[in-house]
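Worksheet for the structure shown next.
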Amino acid sequence: MRVLVTGGAGFIGSHIVAALADRGHEAVVLDALLPSAHDARTRPGPGVIHADVRDRVAMADALRGVDAVSHQAAMVGLGSTGFSDGPDYVSCNDLGTAVLLAAMAEAGVHDLVLAGSMVVYGEGRYDCPRHGWVRPGPRATADLEAGRFEPHCPDCGAELVPGLVGEDAPADPRNVYATTKLAQEHLAAAWARATGGRAVSLRYHNVYGPGMPRDTPYAGVASFFRSALARGESPRVFEDGGQLRDFVHVRDVAAAGAVALEALSGREPGALSVFNTGSGEPHTVGEMAHALASAHGGPEPVTTGEFRLGDVRHITASSRRLNGELGWRARVGFVEGMTEFARSGLRESCGGTPQDSWVK
């Protein structure tokens, strides 16, 4: 199979390229090589198409002879405070996806795996002892400022028990990035219906591992902590460190991407399927910071009490659907993965402004 991997020189994309090669497939890499994910001195390697997915001519050329697409190119992360980078997110993620899908329709390429995200859910699953499954709204600024980080039942105010969120949970995006990731799925579903295409969205949870970009506001929290340790500084843990997340190793995510591509031919045409892609083992942000610091040899993390309004408290995955339908399971354990990550290098970047931050 010949697969176009958009963002294929980036963090997750490069691991997908390697996973495809290991399984006997040919990857065509397209990447904008922007400064948020790459050193300014980075030059396209052999066979890498240096282009932006919003370039219609470039996309038409890149799709020649391609059997399927793995769409990893996106502007990621929470971004700046306020809404100043909203147009950049929408342009990169939604316009870029629309241009790609139009080019696929024109080229007759019918199979797509999309880099989705768990951020489309907003908060994760919560259970109230009295009311069962409930959906707390956004946390109030006054509560966060007072150090009251846990959401409570919207009906009785009781403390809630977080659980694993499934794919059938309602979407509730809480920031501009999350909104664009949900829009990408809607665009892919519309494309599939219009063209008879087959589409899968893998809703990545907190991906980490070798090759994450360093020192950029658009990387994940694992990269923030690892970058701090590399500078000899303590990782700064926001809130009280008790936020539950599902940290999944990038090699496991890449394997899921390859398995999903191989399974597309057997899936129903004209539809989008969504799958959570996580380890299934929740850990707190504080636990992750301490695991990295311990494996790196210090310094120890500090818990700051700071917060960001766009963040949610707990979001952890149930990947049973992906396990059951495609036979994928995460293989890299938390301690093993964090130890490797603590001792591996990060991808050099130039930091970049929001419009430069099209990475995966």
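Sequence positions, counted from 1, serve as the residue numbers for this chain.
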Does the salt bridge (Lys or Arg N to Asp or Glu O under 4.0 Å) test come out yes or no for Arg313 and Asp240, once each step is laid out? CA-CA 10 Å; Arg313 180 60 176 175; Asp240 60 1; 2.9 Å; yes

Using a 3.5 Å distance criterion without hydrogens, assess whether the side chain of Asp252 forms a donor-acceptor pair with backbone atoms of Arg331. yes

Would you find a donor on one side and an acceptor on the other, under 3.5 Å apart, between the side chain of Lys181 and the backbone of Ala115? yes

Of all heavy-atom pairs linking Arg343 and Ala295, the shortest is NE-O, 3.5 Å

Is there side-chain contact between Val200 and Leu272, with at least one heavy-atom pair below 4.5 Å? no

Hits for salt bridge (charged side-chain N to carboxylate O under 4.0 Å, His left out) against Glu233, two or more places apart or cross-chain, chain-then-number order -> Arg231

Does Leu4 form a side chain to side chain contact (heavy atoms under 4.5 Å, CB included) with Ser70? I'd like the steps, not just the answer. CA-CA 6 Å; Leu4 174 65; Ser70 173; over 6 Å; no

Val250 vs Val332, test: side chain to side chain contact (heavy atoms under 4.5 Å, CB included). Steps then yes/no. CA-CA 9 Å; Val250 66; Val332 181; over 6 Å; no

Within 6.0 Å of CD in Glu268, more than 12 heavy atoms from elsewhere: no

For the atom pair CG (Leu101) and CG (Leu112), what is the distance rounded to the nearest 0.5 Å? 6.0 Å

Checking the side chain of Ser14 only, and the main-chain atoms of Gly10 only, is there a donor and an acceptor separated by less than 3.5 Å? yes

Give me the atom names and distance for the closest heavy-atom approach of Ala19 to Ala255. CB-N, 4.5 Å

Kindly determine whether His71 and Thr97 satisfy side chain to side chain donor-acceptor pair (under 3.5 Å), including the steps that lead there. CA-CA 8 Å; His71 184 31; Thr97 298; 3.0 Å; yes

Worked check of ring-ring contact (aromatic ring centres under 6.0 Å, His included) between Phe334 and His283: CA-CA 9 Å; Phe334 179 75; His283 291 274; 3.7 Å; yes

Polar contact flag, side-chain donor to acceptor under 3.5 angstrom, Arg226-Tyr208: no

Contacts of Glu159 that satisfy salt bridge (charged side-chain N to carboxylate O under 4.0 Å, His left out) - sequence neighbours left out: none

Between Arg267 and Ser273: side-chain donor-acceptor atoms closer than 3.5 Å: yes

Can you run down the side-chain hydrogen bond (donor to acceptor under 3.5 Å, both in side chains) pairs that involve residues 130-139, sequence neighbours left out, and say none if there aren't any? Arg139-Glu239

Just wondering, do Tyr204 and Met118 contact through their side chains at under 4.5 Å, heavy atoms? no

Results of salt bridge (charged side-chain N to carboxylate O under 4.0 Å, His left out) for Asp246 - residues two or more places apart only: none

Residues in side-chain hydrogen bond (donor to acceptor under 3.5 Å, both in side chains) with His152, at least two apart? none

Apply side chain to side chain donor-acceptor pair (under 3.5 Å) to the pair Asn276 and Tyr121, showing each step before the final yes or no. CA-CA 11 Å; Asn276 286 336; Tyr121 297 115; 2.7 Å; yes

Tell me whether Asp111 contacts the main-chain N or O of Ala199 through its side chain, where contact means a donor paired with an acceptor under 3.5 Å. no

Donor-acceptor pair, His314 side chain versus Val161 backbone, under 3.5 Å? no

Assess the residue pair Val221 and Met288 against the criterion (side chain to side chain contact (heavy atoms under 4.5 Å, CB included)); give the C-alpha distance rounded to whole Å, side-chain angles, the decisive distance to 0.1 Å, and a yes or no. CA-CA 9 Å; Val221 67; Met288 188 265 285; 3.6 Å; yes

Can a donor-acceptor pair be found, under 3.5 Å and without considering hydrogens, that links the side chain of Asn323 to the backbone of Trp328? yes

On a heavy-atom basis, the closest approach of Pro269 and Gly196 is CB-O, 3.4 Å

Side chain to side chain contact (heavy atoms under 4.5 Å, CB included) test vs Met1 passes for just one of Arg23, Glu262, Glu26, namely Glu262

Does the pair Val29 and Val17 meet the rule for a side chain to side chain contact (heavy atoms under 4.5 Å, CB included), with working shown? CA-CA 8 Å; Val29 174; Val17 169; 3.6 Å; yes

Do Pro235 and Val302 come within less than 4.5 Å of each other through their side chains, counting heavy atoms only? no

Side chains of Val165 and Ile315: closer than 4.5 Å at any heavy-atom pair? yes

Rounded to the nearest 0.5 Å, the CE atom of Met59 sits from the OG1 atom of Thr6 at a distance of 6.5 Å

Classify the side-chain pair Glu340/His249 by whether it contains a donor and acceptor separated by less than 3.5 Å. yes

How many angstroms lie between atom CG of Asp143 and atom CZ of Phe307, to the nearest 0.5 angstrom? 10.0 Å

Interatomic spacing from CG in Asn93 to CG in Leu182 - rounded to 0.5 Å: 12.0 Å

With no hydrogens and no angle check, is any side-chain donor or acceptor of Ser117 less than 3.5 Å from a backbone partner on Val119? yes

Has the side chain of Asp31 got a donor or acceptor atom that lies under 3.5 Å from a matching backbone atom of Ala9? yes

With sequence neighbours excluded, give me every side-chain hydrogen bond (donor to acceptor under 3.5 Å, both in side chains) pair touching residues 289-300. His290-Glu300

4.5 Å side-chain heavy-atom contact, Asp85 and Met75: yes

Taking atom types as modelled and ignoring hydrogens, do the side chains of Glu185 and Ser201 form a donor-acceptor contact shorter than 3.5 angstrom? yes

Using a distance-only test with no angle check, is there a side-chain donor-acceptor pair under 3.5 angstrom linking Arg245 and Thr284? no

Kindly indicate whether the side chain of Phe341, heavy atoms from C-beta on, has any atom under 4.5 Å from the side chain of Leu292. yes

To check you understand the geometry: which heavy-atom pair defines the closest contact between Gly13 and Val5, and what is its length? O-CG1, 4.1 Å

Using a strict 4.0 Å threshold on nitrogen-to-oxygen distance, state whether Arg56 and Asp61 make a salt bridge. no

Indicate the atoms forming the closest heavy-atom contact of Phe238 with Arg308, along with that distance. CE2-CG, 3.8 Å

Can a donor-acceptor pair be found, under 3.5 Å and without considering hydrogens, that links the side chain of Glu325 to the backbone of Leu322? no

Under a 4.5 Å cut-off applied to non-hydrogen side-chain atoms, are Phe247 and Ser279 in contact? no

For Ser319 and Gly280, indicate whether the former's side chain and the latter's backbone hold a donor-acceptor pair under 3.5 Å. no

To the nearest 0.5 Å, atom CG of Asp55 lies from atom CD1 of Ile49 at 11.0 Å

Side-chain contact, heavy-atom cut-off 4.5 Å: Val113 with Leu202? yes

The reported gap from OG in Ser91 to OH in Tyr89 (rounded to nearest 0.5 angstrom) is 13.0 Å

